[in-house]
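What follows is a single structure, written as structure tokens, with notes after it.
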Amino acid sequence: MREGHEGTGPGAVTPDGCAVELYARLPAGDEPDIIAAAVPAGAHILELGSGVGRMTHPLLERGFTVTAVDESADMLARIRGARTIRSTIESLDLGEKFDVVMLASFLVHTGDEEVRGGMLRTCARHVAEGGCVLIQREGPDYHTDVPRERTDPSGFTIRIASVEPAGKGVNSVRAEYVFPDAVWTQTFLARPLTKERFESVLAEAGLEVDTYLTPDGMWVRAVPTA
């Protein structure tokens, strides 16, 4: 388990506190539609941090080719129909280029700045000429509107129970997922990024914002800098 990260509940837990059984239950929501609308039909997508395939499988159903990358063998074992690669994101170097590189799940907000820089450089290294990078950001009140909860139509509750300072601009976030038959928790380190700081760290990796895809600014299409 990484320092500052913890996960509880049934089943295997990954080094960043993600429970495999939990993520196998979480719905994809509207995220695959956001992605599909932002990239060319039939594109080859390099999905960084794919987990169990929550978005992989809907993207495959929409006609995309997906190469799924995750550090957890337990997560990758749940994926069907896509090429899978076990690796940390920041160390990945496939020697290949992809139409689309995707860094979702708020991974750009990792508490470790060196890891974040490595992730973004991996994005820049693998995107083809004329391609794009899709990044999912936290909402503007992610660290301040606490506690908060949302009940999913499928019948479980997601709760951000606490956000506490952990030093050097990093917060310790505790999330709870309550299902009728099980409860999981995840504690992880996250670094808030203003829009200006977000664009700055992209620039450091050789990327720039092409457009903010959603009104809340949470989904972004970036491209390599000229």
Side-chain angles (χ1 to χ4, degrees), residues 1-9 12-20 22-23 26 31 47-51 54-55 69-72 75 87-92 101-125 133-150 157-178 183-209 212 214 216-220 222:
M1 195 66 59
R2 292 197 183 94
E3 184 178 355
H5 295 249
E6 182 183 9
T8 68
V13 177
T14 65
D16 58 357
C18 296
V20 177
L22 165 63
Y23 277 80
L26 296 180
E31 292 171 353
E47 183 185 6
L48 302 175
S50 63
R54 184 176 66 90
M55 283 191 278
V69 177
D70 203 277
E71 68 176 335
S72 167
M75 289 283 196
S87 174
T88 60
I89 296 169
E90 62 272 20
S91 66
L92 185 72
V101 181
M102 187 168 68
L103 187 68
S105 302
F106 309 141
L107 289 171
V108 73
H109 292 272
T110 180
D112 189 318
E113 291 184 295
E114 289 188 11
V115 170
R116 180 193 64 209
M119 288 179 174
L120 291 173
R121 287 190 295 273
T122 292
C123 293
R125 184 162 57 243
V133 178
L134 301 185
I135 301 171
Q136 185 183 23
R137 302 170 61 224
E138 295 172 344
D141 58 354
Y142 186 88
H143 292 258
T144 55
D145 180 18
V146 181
R148 66 181 183 275
E149 67 177 47
R150 176 179 67 83
T157 298
I158 303 175
R159 181 179 302 119
I160 301 298
S162 64
V163 174
E164 300 178 354
K168 297 182 179 179
V170 177
N171 289 330
S172 175
V173 181
R174 177 182 170 87
E176 301 173 354
Y177 301 82
V178 181
V183 176
W184 285 270
T185 72
Q186 183 180 3
T187 302
F188 56 95
L189 299 179
R191 182 181 297 274
L193 295 172
T194 64
K195 180 180 177 182
E196 292 74 20
R197 182 58 183 149
F198 168 71
E199 294 181 358
S200 175
V201 299
L202 286 188
E204 292 167 8
L207 298 168
E208 63 184 2
V209 172
Y212 287 88
T214 53
D216 57 15
M218 291 178 64
W219 277 93
V220 183

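Every heavy atom of this structure was used, including side-chain atoms; hydrogens, water molecules and symmetry mates were not. Note that the coordinates shown come from a computational prediction; the quantities given were computed from them, not determined experimentally.
Across every non-hydrogen atom of Gly17 and His5, the tightest pair is N-CB, 4.4 Å. In terms of heavy-atom proximity, Gly217 sits nearest to Val220 at O-CG2, 3.8 Å. Smallest separation of non-hydrogen atoms from Leu189 and Ala166: CD2-CB, 4.0 Å. Summarising the geometry of Cys18 relative to Met75, their closest heavy-atom pair is CB-CE, 3.7 Å, with the distance given to 0.1 Å. The heavy-atom pair separating Thr110 from Arg191 by the smallest distance is O-CB, 3.8 Å. The minimum heavy-atom distance linking Leu107 with Met119 is given by the pair O-SD, 3.7 Å.
Separating the CZ atom in Arg148 from the CD1 atom in Ile160 is a distance of 5.0 Å, to the nearest 0.5 Å. The distance from atom CZ of Arg54 to atom CD of Glu47, rounded to the nearest 0.5 Å, is 9.0 Å. With rounding to the nearest 0.5 angstrom, the CG atom of Leu48 is 10.0 Å from the CG atom of Asp70. Remark: Glu31 CD to Leu134 CG distance equals 11.5 Å, nearest 0.5 Å. Rounded to the nearest 0.5 Å, atoms CD (Glu71) and OG (Ser50) are 11.0 Å apart. Considering OG of Ser72 and OH of Tyr23, their distance stands at 11.5 Å, rounded to 0.5 Å.
The backbone N or O of Glu196 lies less than 3.5 Å from no partner atom in the side chain of Ser200, so there is not a single donor-acceptor pair. Side-chain atoms of Thr157 do not come within 3.5 Å of backbone N or O of Val178 as any donor-acceptor pair. Formation of a donor-acceptor pair under 3.5 Å by the Thr214 side chain with backbone atoms of Trp219 is found in this model. Side-chain atoms of His143 do not come within 3.5 Å of backbone N or O of Asn171 as any donor-acceptor pair. The backbone N or O of Asp16 lies less than 3.5 Å from a partner atom in the side chain of Gln186, making a donor-acceptor pair. Without hydrogens or angle criteria, Arg137 side chain to Asp216 main chain gives no donor-acceptor distance under 3.5 Å. Judged by distance alone, with hydrogens and angles left aside, the side-chain atoms of Arg125 form a donor-acceptor pair with the main-chain N or O of Leu92 at under 3.5 Å.
Checked for salt-bridge contact, Glu113 and Lys168 miss the test: no charged N lies under 4.0 Å from a carboxylate O. A salt bridge does not link Arg121 to Glu114: none of the charged side-chain nitrogens sits closer than 4.0 Å to a carboxylate oxygen.
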Full working for side chain to side chain contact (heavy atoms under 4.5 Å, CB included) between Tyr142 and His109: CA-CA 11 Å; Tyr142 186 88; His109 292 272; over 6 Å; no

Chi angles and distances behind the side chain to side chain contact (heavy atoms under 4.5 Å, CB included) call for Leu120, Leu103: CA-CA 8 Å; Leu120 291 173; Leu103 187 68; 4.1 Å; yes

Trace of the side chain to side chain contact (heavy atoms under 4.5 Å, CB included) decision for Leu202 with Val108: CA-CA 10 Å; Leu202 286 188; Val108 73; 5.5 Å; no

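Stacking of Arg2 on the aromatic ring of Phe188 is not recorded, the 6.0 Å distance cut-off and the 45° axial limit not both being met.
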